[in-house]
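Notes follow once the structure below has been shown.
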Amino acid sequence: MTADPAATPSGGVTTRFCPSPTGLVHVGVMRAALFNWAHARHTGGRFVFRIEDTDAARDSEESYRHLLDCLRWLGLDWDEGPEVGGPHGPYRQSERHEIYRDVAARLLEAGHAYESFSTPEEVTARRLAAGQDPKLGYDNADRLLTEEQKAAFRAEGRAPVLRLRMPDTDLAWDDLVRGEVRFAAGSVPDFVLVRGNGVPLYPFVNPVDDALMGITDVLRGEDLLPSTPRQLALYDALTDIGVAPGRPRFGHLPLVMGEGNKKLSKRDPQSNFDVYRERGFLPEGMVNYLALLGWSIAEDRDIFSPEEMVAAFDVRRVSPNPARFDVKKAEAINATHLRALPVEDFVERVVPFLAREGLVSDPPTDEQRRVLEAIAPLAQERMIVLSDAVGLVGFLFTDEVEIDPAAAEKQLSGPDAAEVLDAASAALTDLPEWTAPAIETALKESLVDGLGRKPRQAFGPVRVAISGRTVSPPLYESMEQLGRERTLARLAAARRLVPGSAGG
RNA sequence: GCCCCCAUCGUCUAGCGGUCCAGGACGCCGCCCUUUCAAGGCGGUAGCACGGGUUCGAACCCCGUUGGGGGCACCA
């Protein structure tokens, strides 16, 4: 419970990620995790993962498990923390209460902290009485309470909170991303470390654990910047009583903004990390985009791998500007990574998404795998996220193809469609060789040359008949994979949908 | 209200006093390719918030203004 010199090797960097397991995982939180991880890896340092579950009312075990899963999915491995262990455990604050109780007692004993009996209502009343804005907060009125006064409050049944005595000096630090930041002496009131009921608060346990775990560099959101003076003061007190080895460095990352000009809130659907996973963003695509929220690898480049990020990451080059989360750009980045995937890798990753819809089994049958591998290169380049495969290649794995109503309206509504579909069926029924080139030749001869149709008019209805959509992988290859029987069946089925025609 | 942060194309950014009549990416718009849709190729659109300094010289340094944002709990 004292500063462990071995925990902070001179010059070595130790960063941490310390979310609280309360509900949905926010993309900004994962961005913070990524930057801490990249900073540790780049400097050859350590990355600690700690769970801040001091709020029993809001924390959940499910959320805790989910957090681990998200980190692992992104590829952010930790050197110390849950399920990994380490010399500074436990790594869940709910299991560290004795530690906080002990540190609080020592702070009180050393005079850095004191018992405070004022209720929030009393503080407000005093501010008002003095003609001041209640927003100024606590007025440090209990600093000089005598033992008699304290006894009197206790006799009333009041339980005191523990407050830190703030120093009467300026509090300043050299922020890793912003340079010097300074708060004037007296501008930050004495704050609460421990509640009246004995439960320690976040502003207390967070620095205590950072100190005990040898954290040297704290990278966190700019929204926490105003709380830094308090942490600094606490750190100085902890250093004085031998709990901390000194102050860590702080770096305040730019906020992640939403649609308007506001911080992306947990309420905003865009902020939910899970939706990107579920849509089939790649971890490497997500890492790439998240990294771009405040950092850039080079002047003329924005596609890179996690490894490349680690090699190049320099926290001093992180931008201080707030960054808007741009789904369009995230998609573009992801699409680039998706297309770069080797076919086998792509197939592996896409299978769970197809399986989820019952289109293939997981693992796929040999036949399903064969078809997937054949169509993959053609599908990959027209996909943005893995779940796109469901709509794009699903028609190859089911006989219950739903024809998109809009597609039908566009391609299967006129008399031309009937003529085209009939001609296509005729051309394909006795085709000697069922290969993409043969199919291409037959259809072009029949539809383009024979009927005199423009290619786009000739193949539109056929595509919709085969795939149910106006967008699909290349037609001939798709038909080849589908097989003659199913292809003819779909042409016939579509033929029956054409209104007001003989076949209907 | 108080404290703090931020300020280059619509968006994310490069730029760390001259090499910038500002570069890249996303988006958007054309053109090419073409069996749809994409992808790809080519081209285009659009920005240093304003005002003072400092300097031979400022997007870059300083001050102010304006604008935007964040924080002000016995939540985290």
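Nothing here was measured: the structure is a model prediction, and the numbers come from that model. Note on naming: letters A, B, ... go to the chains in the order of the sequence lines (proteins, then strands), and numbering restarts at 1 for each one.
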(request) Determine the Euclidean distance between corresponding C1' atoms of G30(B) and G71(B); express it in Å to zero decimal places. (result) 47 Å
(request) Remember a base hit wins even if backbone is also touched, and classify Gly294(A) as base, sugar-phosphate or nothing at under 4.0 Å, heavy atoms. (result) sugar-phosphate
(message) Say we look at C31(B) and C12(B): how far apart would their C1' atoms be, to the nearest angstrom?
(response) 27 Å
(request) Go ahead and name the base partner of C50(B); Watson-Crick or wobble counts if both distances stay under 3.5 Å, otherwise write none. (result) G64(B)
(request) Please report the closest heavy-atom contact between Leu292(A) and Asp302(A), naming both atoms and the distance. (result) CD2-O, 3.8 Å
(request) For Lys329(A) and G27(B), give me the distance from atom NZ to atom P, rounded to whole Å. (result) 9 Å
(message) Taking only the P atom of each, what is the distance from C29(B) to G52(B) in whole angstrom?
(response) 40 Å
(request) Decide whether a cation-pi geometry holds between Arg92(A) and Tyr64(A); the criteria are a distance under 6.0 Å from NZ or CZ to the six-membered ring centre and an angle within 45° of the ring axis. (result) yes
(request) Output all residues satisfying side chain to side chain donor-acceptor pair (under 3.5 Å) with Lys444(A), sequence neighbours left out; order by chain, then residue number. (result) Glu440(A)
(request) Using the C1' atoms only, state how far A14(B) lies from U19(B), rounded to an integer number of Å. (result) 15 Å
(message) Between the side chains of Asp174(A) and Arg316(A), is the shortest nitrogen-to-carboxylate-oxygen separation below 4.0 Å, so that they form an ion pair?
(response) yes
(message) The side chain of Asp302(A) is closest to which nucleotide in this list: C12(B), A25(B), C4(B)?
(response) A25(B)
(request) State the pairing partner of C72(B); accept Watson-Crick or G-U wobble contacts with both distances under 3.5 Å, and report none otherwise. (result) G1(B)
(message) Would you measure the distance from the P atom in C56(B) across to the matching atom in G67(B) and give it in whole Å?
(response) 35 Å
Table please: side-chain donor-acceptor pairs of residues 15-25 of chain A below 3.5 Å, with sequence neighbours left out.
unit_1: Thr15(A); atom_1: OG1; unit_2: Asn36(A); atom_2: O; d: 2.9
unit_1: Arg16(A); atom_1: NE; unit_2: Asp210(A); atom_2: OD1; d: 3.1
unit_1: Arg16(A); atom_1: NE; unit_2: Asp210(A); atom_2: OD2; d: 3.3
unit_1: Arg16(A); atom_1: NH2; unit_2: Asn206(A); atom_2: OD1; d: 3.3
unit_1: Arg16(A); atom_1: NH2; unit_2: Asp210(A); atom_2: OD2; d: 2.8

(request) Write down the distance between CD (Gln270(A)) and C1' (U11(B)), rounded to a whole number of angstrom. (result) 12 Å
(request) Identify which nucleotide among C5(B), C3(B), U11(B) has an atom closest to any side-chain atom of Val181(A), counting heavy atoms from C-beta outward. (result) C5(B)
(request) Measure the distance from CD1 on Ile297(A) to C1' on G23(B) and round it to the nearest whole Å. (result) 17 Å
(message) Both Leu292(A) and Gly179(A) contact RNA chain B. Which one's nearest nucleotide lies toward the 5' end?
(response) Gly179(A)
(message) Tell me which pairs pass side-chain hydrogen bond (donor to acceptor under 3.5 Å, both in side chains) where either residue lies in residues 125-135 of chain A, with sequence neighbours left out.
(response) Ser118(A)-Arg126(A), Arg126(A)-Asp139(A), Arg127(A)-Gln132(A)
(request) Could I get the full list of salt bridge (Lys or Arg N to Asp or Glu O under 4.0 Å) partners for Asp170(A), not counting sequence neighbours? (result) Arg182(A)
(request) Rounded to the nearest angstrom, tell me the gap between atom CG in Leu128(A) and atom P in G1(B). (result) 17 Å
(request) Round to a whole Å and report the spacing from CD of Glu331(A) to P of C12(B). (result) 17 Å
Each nucleotide N or O in nucleotides 7-10 of chain B that has a protein N or O under 3.5 Å away: list the pair and distance.
unit_1: A7(B); atom_1: OP1; unit_2: Asn321(A); atom_2: OD1; d: 3.1
unit_1: U8(B); atom_1: OP2; unit_2: Asn321(A); atom_2: ND2; d: 3.0

(request) Name all pairs fulfilling the side-chain hydrogen bond (donor to acceptor under 3.5 Å, both in side chains) condition that reach into residues 460-473 of chain A, sequence neighbours left out, sorted by first residue then second. (result) Arg463(A)-Ser472(A)
(request) Could you pull out all residues at least two apart from Arg279(A) that satisfy side chain to side chain contact (heavy atoms under 4.5 Å, CB included)? (result) Phe281(A), Val327(A), Glu331(A), Val385(A), Ser387(A)
(request) In whole angstrom, give me the gap between the P atoms of C60(B) and U8(B). (result) 12 Å
(message) Could you identify the nucleotide paired to C42(B), looking across every strand shown and requiring Watson-Crick or G-U wobble geometry with both distances under 3.5 Å?
(response) G30(B)
(request) Output all residues satisfying salt bridge (Lys or Arg N to Asp or Glu O under 4.0 Å) with Arg230(A), sequence neighbours left out; order by chain, then residue number. (result) none
(message) Work out how far the P atom of C50(B) is from that of A58(B), and round it to whole angstrom.
(response) 15 Å
(message) Could you tell me how far apart Gln231(A) (CD) and C4(B) (P) are, to the nearest whole angstrom?
(response) 18 Å
(message) Holding to side chain to side chain donor-acceptor pair (under 3.5 Å), I want the full list of residues that pass it with Glu480(A), two or more places apart in sequence or in another chain.
(response) none
(request) Have a look at Arg317(A) and say if it touches a base, only the backbone sugar-phosphate, or nothing, with a 4.0 Å heavy-atom cut-off. (result) sugar-phosphate
(request) Could you tell me the separation between the CE atom of Met166(A) and the C1' atom of C3(B), rounded to a whole number of Å? (result) 12 Å
(request) Do nucleotides 65-76 of chain B as a string where each nucleotide becomes B, S or -: B if the base has a protein heavy atom under 4.0 Å, S if just the sugar-phosphate does, - if no protein is that close. (result) ---SSBSS-BBB
(message) Could you tell me how far apart Lys328(A) (NZ) and U13(B) (P) are, to the nearest whole angstrom?
(response) 19 Å
(message) In whole Å, measure the gap between the P atoms of A7(B) and C62(B) for me.
(response) 11 Å
(message) Between Arg349(A) and Glu284(A), does any NZ, NE, NH1 or NH2 come within less than 4.0 Å of an OD or OE carboxylate oxygen?
(response) yes
(message) So if I define the base as every atom that isn't primed, P, OP1 or OP2, how would nucleotides 31-44 of chain B read as a B/S/- string at a heavy-atom cutoff under 4.0 Å?
(response) ----BBBBS-----
(request) Only pairs at least two apart or in different chains count here, so list each salt bridge (Lys or Arg N to Asp or Glu O under 4.0 Å) that has a residue in residues 185-200 of chain A. (result) Arg143(A)-Asp190(A)
